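To start, the structure itself, in structure tokens.
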Number of protein chains: 2
Amino acid sequence: MTSAVKRSKVVGREVRRRDPDRARASILAAATAEFAALGLGGARVDAIADQAGINKRMLYHYFGTKDDLYRAVLEEAYAAIRAAEGEIVLGRGSPAEAMRELVLFTWRYYREHPEFLSLLATENVNKGAALGGSARIRALNSPLIAKIGSLLDQGVAEGKFRRGVDPFKLYVSIASLCFFYLANRWTLGVSFGRDLSEPAEIEAWGEHVVGVILGYLRP
Amino acid sequence: MTSAVKRSKVVGREVRRRDPDRARASILAAATAEFAALGLGGARVDAIADQAGINKRMLYHYFGTKDDLYRAVLEEAYAAIRAAEGEIVLGRGSPAEAMRELVLFTWRYYREHPEFLSLLATENVNKGAALGGSARIRALNSPLIAKIGSLLDQGVAEGKFRRGVDPFKLYVSIASLCFFYLANRWTLGVSFGRDLSEPAEIEAWGEHVVGVILGYLRP
DNA sequence: CGCTTAAGTAACTATACAGTTATTTATGCG
DNA sequence: CGCATAAATAACTGTATAGTTACTTAAGCG
């Protein structure tokens, strides 16, 4: 060993560095992956700490208990999707074209964030117990509901959409059709002997969802 | 063919009685509830044995490991829904009326078997790993696909349904719309400040699904 | 500089957990 | 009856797990 002169910044050697923001972020990222892959009960705090490259003590320091960390992961995942939803700007085409964009936005977001789908599934197996205690979530309404509402009004005014469709129900319908295929494709694939993760199948399902929604909306 | 008369020979005294069928059944029932409530990782073998009122050793005797028991639970749940699907007899009304019955069957089955929905969600978080190894599941095709297929043909022939709809896609669409609402109503409820477990809301969603499917199928 | 505070570490603890051992007892069959 | 076998039990084992303790070290500030 070389001399342990640790007086000032010893550049040549590994020096313990402090970086709270990075530590928090890397714990959250590791926890998201762990909870998404194994569920609440299956996730291991030690595995999260290892994966994050931090000492387990710091995880407790920053986040409290395992349940607190789980809630933080859910809150972050919700904040992220709501932020993305807030940024959609629909093109200036017809209502049908805008609706198509909106459906494909949801489809793309779900495809690109499988961990969000898994967390959602896990938290619902848990009957929403963790999120129920989160005021932060209750404050985050989806910007999509309002966008869908005005799109529906516009479509009805132009005689392109049927009357009387509830924006919330339409939002949940779009989410249903996008979520179910992606989240449950493993059991669907086993049951029906098809590989639903094939890019061509995935592409086709997105178009199918557009077709179902626009078909339903016809006057 | 077994099950001769169970002669419990004694009376006032606590006698250890043997009943393999009952033991197996009660283990499966307890395991179904436990896995559905807590997921694969969260389920506890001791809790299942307690709940079933049997000694843990017997659980291992009948089912092997925890994973084996989990697979048995999934297989039974699948066998049950396939059996129910096989028994539907659609009325003699129009194709639209028959399709409505078919949608409402799915809706009712999901409502009455929340544990099936939770198991499905859990197994998909698990990426279908347990079911992937089950030849028994692969052999169980859904009888609904064929029924939907002939219904679609009939509707097209009568000029009531649009052409070119894939029965598998329609089946998955119906399942999506029914599953998502029920399985994810906890987080939906928190996010949107609505109690989606209200009987009136549940009733309305079933009708909405019928409306979406029939709306889409219009020529 | 020196001191306070927050960031960091290793090792520990008490309990929970999946799976096993050793043993006992009921039951069907010759 | 007597015996082989399957059903049942309690107590146990080695490890994993969430959470903690006791301590060290970097950074910011007067």
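Atom set for the values below is all heavy atoms of this structure, side chains included, hydrogens, waters and symmetry mates excluded. To find a chain, count down the sequence lines: A is the first, B the second, and so on, and within it residues start at 1. Nothing here was measured: the structure is a model prediction, and the numbers come from that model.
One interatomic measurement links the two molecules: CG of Leu38(A) to C1' of dT17(D), which rounds to 14 Å at whole-angstrom precision. Atom CZ in Phe63(B) sits about 12 Å away from atom P in dA7(D), given to the nearest Å. Rounded to a whole Å, the OH atom of Tyr70(B) is 17 Å from the C1' atom of dA18(C). One atom, NE2 of His61(A), and another, P of dG19(D), lie 17 Å apart when rounded to the nearest Å. Regarding Asp67(B), its CG atom lies at a distance of 14 Å from the C1' atom of dC17(C), rounded to whole Å. Distance, Asp21(A) CG to dG8(C) P: 10 Å, rounded to whole Å.
No hydrogens or angles considered: nothing links the side chains of Thr187(B) and Glu123(A) as a donor-acceptor pair under 3.5 Å. No side-chain N or O of Glu34(B) forms a donor-acceptor pair with one of Tyr70(B) less than 3.5 Å apart. Inspection of the Glu115(B) and Thr32(B) side chains reveals no N or O donor paired with an N or O acceptor under 3.5 Å.
For Tyr181(B) and Tyr110(B), the ring centers sit 6.0 Å or farther from each other.
Interface residues of residues 44-60 of chain A facing DNA chain D, ordered by number: Arg44(A), Val45(A), Asp46(A), Lys56(A), Arg57(A), Tyr60(A); criterion, heavy-atom separation under 4.0 Å.
Side-chain nitrogen and oxygen atoms of Tyr62(B) include none within less than 4.0 Å of the OP1 or OP2 phosphate oxygen of dA6(D).
Cation-pi check for Arg138(B) over Phe192(A) is not met; the charged atom does not lie both under 6.0 angstrom from the ring centroid and within 45 degrees of its normal. Cation-pi contact between Arg185(A) and Phe180(A): absent, since separation from the ring centre below 6.0 Å together with deviation from the ring axis within 45° is not met.
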